[in-house]
Amino acid sequence: MTKKVRTRVAPSPTGDPHVGTAYMALFCLAFARQQGGEFILRIEDTDAARSTKESEDSIFQSLEWLGLEWDEGPDKGGPFGPYRQSERVAEGLYRGYVDQLVSQGDAFLCFCSAERLNEMRNELMAKGLSAQYDGYCLGLSKAEISTKIENGESHVIRMKVPREGSCVFPDKLRGDIEIEWSQIDMQILLKSDGNPTYHLAVVVDDHLMEISHIIRGEEWINSAPKHILLHQYFGWDMPELIHMPLLRNPDKSKLSKRKNPTSINFYKRMGFLPEALVNYLGMLGWSMPNGEEKFSLDEMIASFDINRISLGAPVFDIEKLKWLNGRWLREELSDEQFADRLNEWAYNRENLLKIIPLIKERVDLFTEIAPMATFLVEGMPSISEEDMTLKKVPEDIVKKVLQYAIWETEALNNWNRDNLNALFTRLAEKLDLKIRDVLAPVFIAISGQPVSPPLFDSMAILGSDMCRARLRHALNVTGGISKKQLKKLEKSYRSEMR
RNA sequence: GUCCCCAUCGUCUAGAGGCCUAGGACACCUGGUUUUCAUCCAGGCAACAGGGGUUCGACUCCCCUUGGGGAUGCCA
């Protein structure tokens, strides 16, 4: 008897909904459906400091928008709930498993400070060894441990890892992978705040949720031995492993928002159809047996074959995505449907009501609206090097402001008017510039014009990824920044903005 | 540094030892249709990273080198 196929995607709700999440969700879903199985959405929010409800909501919305429907999840429930790890923590679900490992002697308490660990890691690296825990607290006696606990010393729990031999495990796409145990760190399972780490939670939850196939990014290959070991300690069967290639930036590095728009919201805002985006993700690392490039989710599911996945990590190419979107637009939508989609996208009452407060007092006629507000519905404003040349602000300051703004906005958690206001006010202060001089290039970058409706409100409407993309675009238009300059800027950024 | 993964046109890919003189698509270039533009159509440019094996025969299998990427967190 073969087990029922159950796959899951397990995003952590930190930041914007990532196309990589959609990519994994797509393959999990395609595989599960094709096999007549189930696809589960689980929220991995064990990092209490970084997880937010907004981010979680936007993950739900984005995946829904893309039509990647899950069978069980935090919002839908299901027989293996709850599907949010913070709720599972609240139930005390993981604690019992950690205690079991400690009492079995497969895990131990560790009282080491972050400073000591850092020093140790650096030393090991300098010696050319792989950086990992040195086992210091393994030698603690029972008496020492209880004294430390009585003294209220904070501690974590680490898993024990064999020091000899190696772990050989099968990957459905790559064959056997062998990693020596000496390369595997004594991973922390329970943090000092009582939360499980990813490694513990993922193992426990995948088991409890009866996940049959773990489809995840290549970045996890190195931690597979930890997960396998934990399964052994618990006496559980290991699900099958399928490590997908990682999506890349045009420079081949792992797709990151620093270099590329990675938020699903950006692509939505940019006017891509969800069908086209899903289709495009489907053709990264996978192809239809008949070679057809345009296919729907249902068609992909119908002919999905995991062995057709190619392992070379694909570059996310917006140009090709654009072409594909054009085909969907032209070939699949009637004029009526086109109108409905356009309406749904931005030309609707709800969206208008966001924009109107910004423009109402600035116009006398309806005819003046379009020129003033196009930037709120366009992609990259068409700006030239000339547009970016300002009378009052020298070029190097323009570049500096744009680059700093990009870095600062990257780190901004809640994208709203007030926070943006605070961010740029602070930026002007730190750079010892007038706020209007700081904002001048930003106005042009965002709106394409030196004057526009209120900047921060507009930026709030446009969203973080679109704004960052426009800032980057403007910086490129000014001629961009050389690697050398960038390094210099990064240095001064760190000292000036502290 | 150490470990792991990967390697076909600039990019996405087809290719499961002879079908490969390596196919398709995006981008780019040329021409045609079109009042313009776009679409559409026709054509062009362009790749098996290098070196060793294995084999009658390697893009396909093995090894080495090189290149790229990832991991090395009380992040996931």
Side-chain angles (χ1 to χ4, degrees), chain A residues 10-15 18 20-21 42-51 85 110-114 117-118 121-133 154-158 166-167 169 171 173-175 177-185 187-202 216-226 243-255 280-294 307-327 329-331:
Chain A
S12 71
T14 54
H18 201 277
T21 303
R42 184 173 69 221
I43 294 293
E44 309 238 335
D45 55 353
T46 51
D47 185 346
R50 294 201 307 147
S51 300
Q85 286 182 332
C110 169
F111 298 87
C112 295
S113 68
L117 293 173
N118 250 332
R121 268 193 279 265
N122 290 338
E123 262 175 50
L124 284 170
M125 284 240 236
K127 274 190 213 156
L129 298 166
S130 70
Q132 47 178 289
Y133 187 62
S154 90
H155 64 276
V156 299
I157 294 176
R158 290 176 183 274
S166 58
C167 178
F169 60 95
D171 177 284
L173 302 174
R174 296 158 205 265
I177 295 173
E178 176 170 3
I179 299 176
E180 290 189 14
W181 285 119
S182 63
Q183 293 300 322
I184 309 298
D185 198 7
Q187 180 64 48
I188 292 177
L189 300 177
L190 202 73
K191 309 179 204 176
S192 55
D193 66 1
N195 268 337
T197 57
Y198 167 83
H199 299 281
L200 199 236
V202 78
R216 61 179 11 166
E218 193 180 4
E219 54 197 323
W220 294 110
I221 290 179
N222 287 293
S223 37
K226 293 172 189 171
H243 289 103
M244 294 286 298
L246 248 30
L247 263 24
R248 306 286 184 90
N249 296 312
D251 71 358
K252 306 272 192 183
S253 57
K254 171 165 134 178
L255 192 66
Y280 181 65
L281 289 174
M283 61 189 265
L284 294 180
W286 190 79
S287 58
M288 278 292 218
N290 65 4
E292 181 53 59
E293 293 196 291
K294 179 162 150 259
N307 293 120
R308 290 192 64 81
I309 291 174
S310 59
L311 262 16
V315 171
F316 191 95
D317 178 12
I318 295 189
E319 281 305 310
K320 189 147 187 179
L321 170 58
K322 247 172 91 175
W323 161 80
L324 194 60
N325 199 66
R327 281 192 65 185
L329 234 38
R330 286 189 293 276
E331 297 170 17

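Chain identifiers are assigned alphabetically (A, B, ...) following the order of the sequence lines, protein sequences preceding nucleic acid strands; residue numbering begins at 1 within each chain.
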Whole angstroms only, please: what is the [atom1]-[atom2] distance between [X] and [N]?
X: A/His199; N: B/rG73; atom1: NE2; atom2: P; value: 10 Å
X: A/Arg216; N: B/rC5; atom1: CZ; atom2: P; value: 15 Å
X: A/Asn249; N: B/rG68; atom1: CG; atom2: C1'; value: 13 Å
X: A/Asp185; N: B/rC3; atom1: CG; atom2: C1'; value: 13 Å
X: A/Trp220; N: B/rC4; atom1: CH2; atom2: C1'; value: 15 Å
X: A/Asn122; N: B/rG1; atom1: CG; atom2: P; value: 16 Å
X: A/Lys254; N: B/rC75; atom1: NZ; atom2: C1'; value: 10 Å
X: A/Lys294; N: B/rC26; atom1: NZ; atom2: C1'; value: 16 Å

I'd like the [atom1] distance from [M] over to [N], given in whole Å.
N: B/rC45; M: B/rA7; atom1: P; answer: 28 Å
N: B/rU13; M: B/rU36; atom1: C1'; answer: 36 Å
N: B/rG18; M: B/rC62; atom1: P; answer: 16 Å
N: B/rU8; M: B/rG69; atom1: P; answer: 14 Å
N: B/rC59; M: B/rC20; atom1: P; answer: 13 Å
N: B/rC48; M: B/rG67; atom1: C1'; answer: 15 Å
N: B/rC61; M: B/rC6; atom1: P; answer: 12 Å
N: B/rU60; M: B/rC19; atom1: C1'; answer: 14 Å

Item checked: A/Lys322, NZ: over 12 other non-hydrogen atoms inside 6.0 angstrom ->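 Counting other residues, nucleotides and ligands, NZ of A/Lys322 stays at 12 neighbours or fewer.
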Item checked: Check: B/rC74 base within 3.5 Å donor-acceptor of A/Ser192 side chain ->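 Pair found.
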Notebook entry, point to check: Which listed nucleotide (B/rG70, B/rC74, B/rC3) is nearest to the side chain of A/Lys191?
Noted result: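 The closest nucleotide is B/rC74.
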Checklist line | Pairing partner of B/rU34 (Watson-Crick or G-U wobble, both distances under 3.5 Å) | finding: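 Checking every strand shown, B/rU34 finds no partner, since no pair has both distances under 3.5 Å.
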Margin query: Under a 3.5 Å cut-off for both contacts, is B/rC3 paired Watson-Crick or G-U wobble with anything, and if yes, with which nucleotide?
Written below: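 Paired with B/rC3, as far as the under-3.5 Å criterion goes, is B/rG70.
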Notebook entry, point to check: For A/Trp323 and A/Gln183, take the nucleotide of RNA chain B holding the closest heavy atom to each; which residue's nucleotide lies nearer the 5' end?
Noted result: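 Its nearest nucleotide lies further toward 5', so the answer is A/Gln183.
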Next item on the list: Identify, between A/Glu178 and A/Arg158, the residue whose nearest nucleotide on RNA chain B lies closer to the 5' end.
Entry: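 In this pair, the answer is A/Glu178.
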Margin query: Between A/Arg121 and B/rG73, is there a contact of a side-chain N or O with OP1 or OP2 at under 4.0 Å?
Written below: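 Yes.
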Students often get this wrong, so: under 4.0 angstrom with heavy atoms, is [X] touching a base, only sugar-phosphate, or nothing?
X: A/Leu117; value: nothing
X: A/Gln132; value: nothing
X: A/Thr46; value: sugar-phosphate
X: A/Glu218; value: base

Next item on the list: Between protein and nucleotides 7-16 of chain B, map the contacts as a letter string: B base, S sugar-phosphate only, - none, heavy atoms under 4.0 Å, written 5' to 3'.
Entry: ----SBSSS-
Note to self: Taking A/Glu293 first and then A/Arg327, would you say they form a salt bridge - that is, a charged N and a carboxylate O separated by under 4.0 Å?
What the structure shows: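 Salt bridge flag = no for A/Arg327 with A/Glu293.
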Note to self: Main chain of A/Gln187, side chain of A/Asp185: is a donor-acceptor contact present, judged purely on distance under 3.5 Å?
What the structure shows: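 Such a contact is absent between A/Asp185 side chain and A/Gln187 backbone.
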Next item on the list: Rounded to the nearest 0.5 Å, what's the gap from CZ on A/Arg174 to CD1 on A/Ile309? Could you check?
Entry: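 Interatomic distance, A/Arg174 CZ to A/Ile309 CD1, rounded to 0.5 Å: 9.5 Å.
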Next item on the list: Could you list the residues that satisfy ring-ring contact (aromatic ring centres under 6.0 Å, His included) with A/His199, not counting sequence neighbours?
Entry: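 Partners of A/His199 by the ring-ring contact (aromatic ring centres under 6.0 Å, His included) criterion, ordered by chain and then number, come out as A/His227.
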Notebook entry, point to check: Got a sec, which residues hit side-chain hydrogen bond (donor to acceptor under 3.5 Å, both in side chains) with A/Ser287, two or more places apart in sequence or on another chain?
Noted result: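 With sequence neighbours excluded, A/Ser287 shows a side-chain hydrogen bond (donor to acceptor under 3.5 Å, both in side chains) to A/Arg308, given in chain and number order.
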Check: Who passes side-chain hydrogen bond (donor to acceptor under 3.5 Å, both in side chains) against A/Lys191, sequence neighbours left out?
Finding: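 Not a single residue meets the side-chain hydrogen bond (donor to acceptor under 3.5 Å, both in side chains) criterion with A/Lys191.
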Checklist line | For A/Leu321, all residues meeting side chain to side chain contact (heavy atoms under 4.5 Å, CB included), sequence neighbours excluded | finding: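 Listed in chain order: A/Tyr267, A/Phe272, A/Leu277, A/Tyr280, A/Phe316.
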Next item on the list: Please list, chain by chain and in numerical order, all residues satisfying side chain to side chain contact (heavy atoms under 4.5 Å, CB included) with A/Asn249, sequence neighbours excluded.
Entry: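 Only A/Asp251, A/Ser253, A/Leu255, A/Ser256, A/Lys259, A/Asn260 meet the side chain to side chain contact (heavy atoms under 4.5 Å, CB included) criterion with A/Asn249.
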